[in-house]
2 protein chains.
Amino acid sequence: MKRITIKDVARVAGVSTAAISYALNGKESKVSTGTLMKIQEAVALLNYIPDFSARSLVNKKSYLIGVVIPETEEHNQMILENPFYSEIVSAIESELRKHNYHLILTGTDKGKGYFDLSMQRNLDGAIIMGIYHESFYEELKKVNIPIILIDSYINDTYFKKIGIDDRCGGGLATRHLIENGHTQIAIVTGEIKRNGVVEERFLGYQDALAEANLSYSLEYVFEESTSYEHGVLAGKRIASNHPEITGVFATADIVAFGIISGLNECGKRVPDDISVIGFDDITMSRMFIPPLTTIHQDIKAKGIQAVNCLIQAIQCIASNDHEKITLPLSLMERQSVKKI
Amino acid sequence: MKRITIKDVARVAGVSTAAISYALNGKESKVSTGTLMKIQEAVALLNYIPDFSARSLVNKKSYLIGVVIPETEEHNQMILENPFYSEIVSAIESELRKHNYHLILTGTDKGKGYFDLSMQRNLDGAIIMGIYHESFYEELKKVNIPIILIDSYINDTYFKKIGIDDRCGGGLATRHLIENGHTQIAIVTGEIKRNGVVEERFLGYQDALAEANLSYSLEYVFEESTSYEHGVLAGKRIASNHPEITGVFATADIVAFGIISGLNECGKRVPDDISVIGFDDITMSRMFIPPLTTIHQDIKAKGIQAVNCLIQAIQCIASNDHEKITLPLSLMERQSVKKI
DNA sequence: TTGTAGGCGTTATCAC
DNA sequence: GTGATAACGCCTACAA
């Protein structure tokens, strides 16, 4: 089956290819009503669908957006299993489609960068999640397309950034524990990378502790990976080695789930024996038992804003000088924290 | 910044564009060792990256695979929030990348089909999840590219299919409940669509009931949507209207989570008061409290197989006449089912 | 072994 | 208004 091309349409409609192109690209003014109708008929008759490759070749627009999310060290798989990423990717795809863009989703092995892909595919823009080596960002800049960083504290004005005030959130969470009478508060967290969100959340934790004149101890910091498994381990260690701890701040909900399970395995109940607060408010958090008290952020809004910001940049609409958009945060009280 | 083209490389290397093309496309034999080296140097020096659009234009290969997953009725968003889809998409992306393909991920509004996208982008193939109207598949066939259907019982030899024996799985789950002494067994399920997986799982439920001479009653069928929310509702209704029910088969883990929550809200505990078994064994199931007894399927394997099957079809490698690949299933006993 | 040139499907620049 | 025609970047006969 041969592809229907613009020439076929031209032949059937009895006009030139130029006319077709005008008619189909919002330049109807350059075409008389009569020919316009003939064209529309022919297009419908032949079911003509333009070839984006050809189009992209001439006007350097691909209507393709790259979205990258980090991947697991072990399996080279995108960590889409982390519900946070699933939710935001859903929102991004939906919003992108509304604007007639398509999305190429990839994980990225930190070895090879994203430069090749961007060039090969002539990406119109990219949305990047996760924290990478500096070289990754330098490469990215060379591609010279608009790029949105989600949840990054990279200090580089080339990139537009969208995120939340993680430090404030970390404070909010810890303070909630304190207000409920807790004084021995642990933090369980993924790797604290420079310029990453967990670093900020960790700082917020320290802020709140200091405010309340509570001492901060490294023994109460369980740093490893943002994963359920790490949560389980930390939960067990807290249960067996730190009976004095009554409150735990997990820097991600998925970690909080792990903590609660680990605690349970050791016979400690949440929130009766120990309180746990999470961060993100992923969909699963309200489904969990007990429903998780957590710091709520609007994940979908984050994705939608990222898309709109990106598309504005692509179309060079007045680059509103907001280099960084910060979305609101709130405390979501459910049932994993108890007053003592 | 102007793009580096094959001509630039040719100029720098002091050879023709043809030589470059040969050297870069596995036809090194047509090029002498000397020029090959000069070419490699020039490529490295200029950091030349071929343009896929141009390439696609001439050889009708895009190295782009379309992946579509169903979307919510309300928000036109992909239901990537369903962890089942997240997991399988992760696996697909990873495997695809290994083979140098990229993935365009979309939801699909059932109004407009997938035909346009496939044509516009010259997709090399597609992987489709979910159940759609017949017209959707008819359109798809016209595109004339290899297509893999995951978890579909559509009876059309055009498509390669990959899935599990859902009927057997439904039987396995129900039988497990029966073997544990349950006789009043409800089923909570998403919409039972023709050719869909839940229909088969439902059939398996009936099989097991019949085998054990247990009566089947429509009152015990809670059909609505494959969602947490529906599970909650069903759980509540079971708790308040059907005290005689002691076992529940949920046709998806996410539904099982809802049921357990709904039951809890009404003061019923799982598994002490009532047993619940799920289906799929998503990652979350072992994290849930109580850890969910469920029918295990290898979600990642499903994604990987789909990719390999698709790529084989694309490369026209002996279309191994397996029109349908069926992956194994097993019972995963955890703690949501109790012997009575 | 190497280089020239035509064509893939579009868009855009011209003349008419 | 309309229609040739030259790009866009690449591949591949074909000729040298």
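Lettering of chains follows the sequences in order, A, B, ..., and the numbering in each one begins at 1. Note that the coordinates shown come from a computational prediction; the quantities given were computed from them, not determined experimentally.
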Exercise for review: For the side chain of B:Thr5, starting at C-beta, report the closest nucleotide among D:dT12, C:dT11, D:dC10.
Suggested key: D:dC10
Practice item. Give me the one residue out of B:Val67, B:Ile145, B:Val143 that meets side-chain contact (heavy atoms from CB on, under 4.5 Å) with B:Leu123. Key: B:Ile145
Review point. So does A:Lys161 pair up with A:Asp151, basic N to acidic O under 4.0 Å?
Key: no
Review point. Nearest nucleotide by nearest heavy atom, which residue falls closer to the 5' end of DNA chain D, A:Thr17 or A:Val31?
Key: A:Val31
Check your understanding: Taking A:Pro70 as the fixed residue, which of A:Asn82, A:Ile128, A:Ile79, A:Ile131 is the one that meets the side-chain contact (heavy atoms from CB on, under 4.5 Å) rule?
Key -> A:Ile79
Review point. Salt bridge check: are B:Glu87 and B:Lys302 linked by an N-O gap of less than 4.0 Å?
Key: no
**Study point:** Distance, rounded to the nearest Å, where B:Ile20 contributes CD1 and C:dT1 contributes P
**Key:** 17 Å
Point to revise | Nearest-Å distance for atom pair NZ/P, residues A:Lys27 and D:dG1 | key: 16 Å
Practice item. Let me know the distance between CZ of B:Arg11 and P of C:dT4, rounded to the nearest Å. Key: 14 Å
Check your understanding: Taking atom C1' of C:dG9 as reference, at what distance in whole Å does atom CE of B:Met119 sit?
Key -> 12 Å
Review point. Got more than 12 heavy atoms from elsewhere within 6.0 Å of OH, B:Tyr63?
Key: no
Review point. If we ignore angles and hydrogens, is there a donor and acceptor under 3.5 Å between the side chains of B:His102 and B:Arg97?
Key: no
Review point. What parts of residues 36-59 of chain A reach DNA chain D, counting only heavy atoms under 4.0 Å away?
Key: A:Leu57, A:Val58
**Study point:** A:Glu139 vs A:Tyr114, side-chain contact (heavy atoms from CB on, under 4.5 Å): CA-CA, chis, key distance, verdict
**Key:** CA-CA 8 Å; A:Glu139 255 197 347; A:Tyr114 200 59; 5.7 Å; no
Practice item. For residues 28-45 of chain A, pull every pair meeting salt bridge (charged side-chain N to carboxylate O under 4.0 Å, His left out), keeping only residues two or more places apart or in separate chains. Key: none
Review point. Side chain of B:Arg3, backbone of A:Met119: donor and acceptor closer than 3.5 Å?
Key: yes
Study note, to complete from the structure: From CZ of B:Arg3 across to C1' of D:dA7 the rounded distance in Å is 16 Å
Practice item. Mind checking A:Ser32 for me? I need base, sugar-phosphate or nothing, with any heavy atom below 4.0 Å counting as a touch. Key: sugar-phosphate
Name the pairs: protein N/O against N/O of nucleotides 13-16 of chain C, kept only if under 3.5 Å.
none

Check your understanding: Between B:Thr35 and C:dT2, is there a side-chain N or O to OP1/OP2 distance below 4.0 Å?
Key -> yes
**Study point:** Protein-nucleotide distance (A:Asn122, atom CG; C:dT10, atom C1'), rounded to Å
**Key:** 14 Å
**Study point:** Polar side chain donor-acceptor pair, A:Ser53 to B:Ser56, under 3.5 angstrom
**Key:** yes
Review point. So what does B:Lys61 hit on the nucleic acid, given a heavy-atom distance under 4.0 Å: a base, only sugar-phosphate, or nothing?
Key: nothing
Practice item. Assign each of B:Lys60 and B:Val15 to its nearest nucleotide of DNA chain C by heavy atoms, then name whichever residue's nucleotide is nearer the 5' end. Key: B:Val15
Practice item. Give one of base, sugar-phosphate or nothing for B:Lys7, where a contact means two heavy atoms less than 4.0 Å apart. Key: nothing
Exercise for review: Figure out the CD/P separation between B:Glu28 and C:dT2, and round it to whole Å.
Suggested key: 13 Å
**Study point:** Spacing between A:Gln120 atom CD and D:dC8 atom P, to the nearest angstrom
**Key:** 21 Å
